[in-house]
Amino acid sequence: QVQLVESGGGLVQVGASLRLSCVVSGGTFSTYQMGWFRQAPGKEREFVAAMRLQGGGTGYADSVKGRFTISKDYAKRSVFLQMNNLKPEDTAVYYCAADPPPLLIRSSWWDSNRWEVWGQGTQVTVSS
């Protein structure tokens, strides 16, 4: 059974950086696609970034392009979300998601309903 555990959230000021981590247990990590989503109060869960672990390939929401970077570490069975130049609108609970094979096509990455496994989330609050 695949389980995801996020960490790294916190309260920061505008312009600061945070690095979120997601540790994956169970399953064949290297075959997955991994994603990050976020959900602000009163809003739907939205796509942030995703990565196909084999062969590379990343994708980002327009709102975070150039500020956020998704990366992986096979040895640690982890994916990361480096968030720079944080803004108040980035405030949300951030969730890690896993997509085991058969993999979603890239054009479906935005759809949270298509991702199979979810972590418990980590709160990110950006204060002005």
Side-chain angles (χ1 to χ4, degrees):
Q1 184 176 359
V2 180
Q3 292 186 320
L4 311 179
V5 178
E6 303 101 329
S7 62
L11 171 63
V12 297
Q13 293 188 333
V14 170
S17 297
L18 278 176
R19 188 189 193 213
L20 304 184
S21 300
C22 174
V23 179
V24 182
S25 60
T28 308
F29 175 62
S30 63
T31 65
Y32 295 169
Q33 290 182 140
M34 297 297 298
W36 287 96
F37 288 76
R38 66 187 182 186
Q39 188 166 19
K43 295 187 177 181
E44 294 187 353
R45 193 169 296 190
E46 65 172 359
F47 172 78
V48 174
M51 166 183 278
R52 176 167 291 190
L53 298 187
Q54 282 188 338
T58 59
Y60 297 90
D62 288 344
S63 59
V64 306
K65 279 182 183 176
R67 300 189 298 124
F68 291 11
T69 303
I70 188 171
S71 62
K72 64 182 182 290
D73 185 325
Y74 283 127
K76 295 181 179 179
R77 294 179 59 92
S78 296
V79 291
F80 307 98
L81 186 68
Q82 178 66 43
M83 306 186 295
N84 298 329
N85 190 22
L86 284 161
K87 304 176 180 180
E89 52 264 43
D90 295 319
T91 295
V93 177
Y94 283 72
Y95 296 90
C96 178
D99 171 42
L103 302 178
L104 296 171
I105 59 174
R106 187 185 179 99
S107 60
S108 296
W109 282 358
W110 66 271
D111 187 354
S112 62
N113 293 316
R114 306 289 298 273
W115 292 75
E116 291 189 27
V117 187
W118 292 87
Q120 83 287 353
T122 185
Q123 176 71 47
V124 172
T125 303
V126 184
S127 67
S128 56

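For S7, there are no side chain to side chain donor-acceptor pair (under 3.5 Å) partners at least two apart in sequence or on another chain. Applying the salt bridge (charged side-chain N to carboxylate O under 4.0 Å, His left out) rule to D111 yields no partners; only residues at least two apart in sequence or on another chain are considered. Partners of Q54 under the side chain to side chain donor-acceptor pair (under 3.5 Å) rule, at least two apart in sequence or in another chain, do not exist in this structure.
Panel note: side chain Y74, backbone F29; no donor-acceptor pair is recorded below 3.5 Å. In terms of modelled atom types and a separation under 3.5 Å, the side chain of Q120 and the main chain of E6 share a donor-acceptor contact. Checking side-chain atoms of T91 against main-chain N and O of V126 turns up a donor-acceptor pair under 3.5 Å.
Contacts classified as salt bridge (charged side-chain N to carboxylate O under 4.0 Å, His left out) and involving residues 67-87 (residues at least two apart or in different chains) are given here: R67-D90. Among pairs with a residue in residues 53-64, those fulfilling salt bridge (charged side-chain N to carboxylate O under 4.0 Å, His left out) read D62-K65, at least two apart in sequence or across chains. Among residue pairs with one or both ends in residues 1-27, none qualify as ring-ring contact (aromatic ring centres under 6.0 Å, His included); sequence neighbours excluded. Pairs of residues two or more places apart, or lying in two chains, never qualify as disulfide (SG to SG under 2.5 Å) while including a residue from residues 26-93. Among residues at least two apart or in separate chains, salt bridge (charged side-chain N to carboxylate O under 4.0 Å, His left out) pairs with a member in residues 42-59 are R38-E46. The disulfide (SG to SG under 2.5 Å) analysis of residues 73-128, with sequence neighbours excluded, yields the pairs C22-C96.
A continuous path of Ile, Leu, Val, Met, Phe, Trp and Tyr side chains, each step under 4.5 Å between heavy atoms, connects I70 with L4, placing both in one hydrophobic cluster. Grouping the Ile, Leu, Val, Met, Phe, Trp and Tyr side chains by contacts below 4.5 angstrom, directly or via other members, places W36 with L86. The hydrophobic clustering, which links ILVMFWY residues whose side-chain heavy atoms are closer than 4.5 Å, places M51 and Y60 together. Residues V2 and V79 share a single hydrophobic cluster, defined by chaining ILVMFWY side chains whose heavy atoms lie under 4.5 Å apart.
With a 4.5 Å cut-off between side-chain heavy atoms of Ile, Leu, Val, Met, Phe, Trp and Tyr, the cluster of V23 takes in none. Its side chain within the 4.5 Å cluster rule, W115 clusters with F37, F47, V93, Y95, L104, W109, W110, W118 among the Ile, Leu, Val, Met, Phe, Trp and Tyr residues.
The line from CD of Q33 to CD1 of I105 is 10.0 Å long, rounded to the nearest 0.5 Å. Taking OG1 from T28 and CG from L53, the interatomic distance works out to 11.5 Å, rounded to the nearest 0.5 Å.
Contact between G26 and Y32 at its shortest, heavy atoms only, is O-OH, 3.7 Å.
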Tell me which donor-acceptor pairs under 3.5 Å the side chains of residues 10-20 have, and how far apart each pair is, sequence neighbours excluded?
unit_1, atom_1, unit_2, atom_2, d
S17, OG, N84, OD1, 2.9

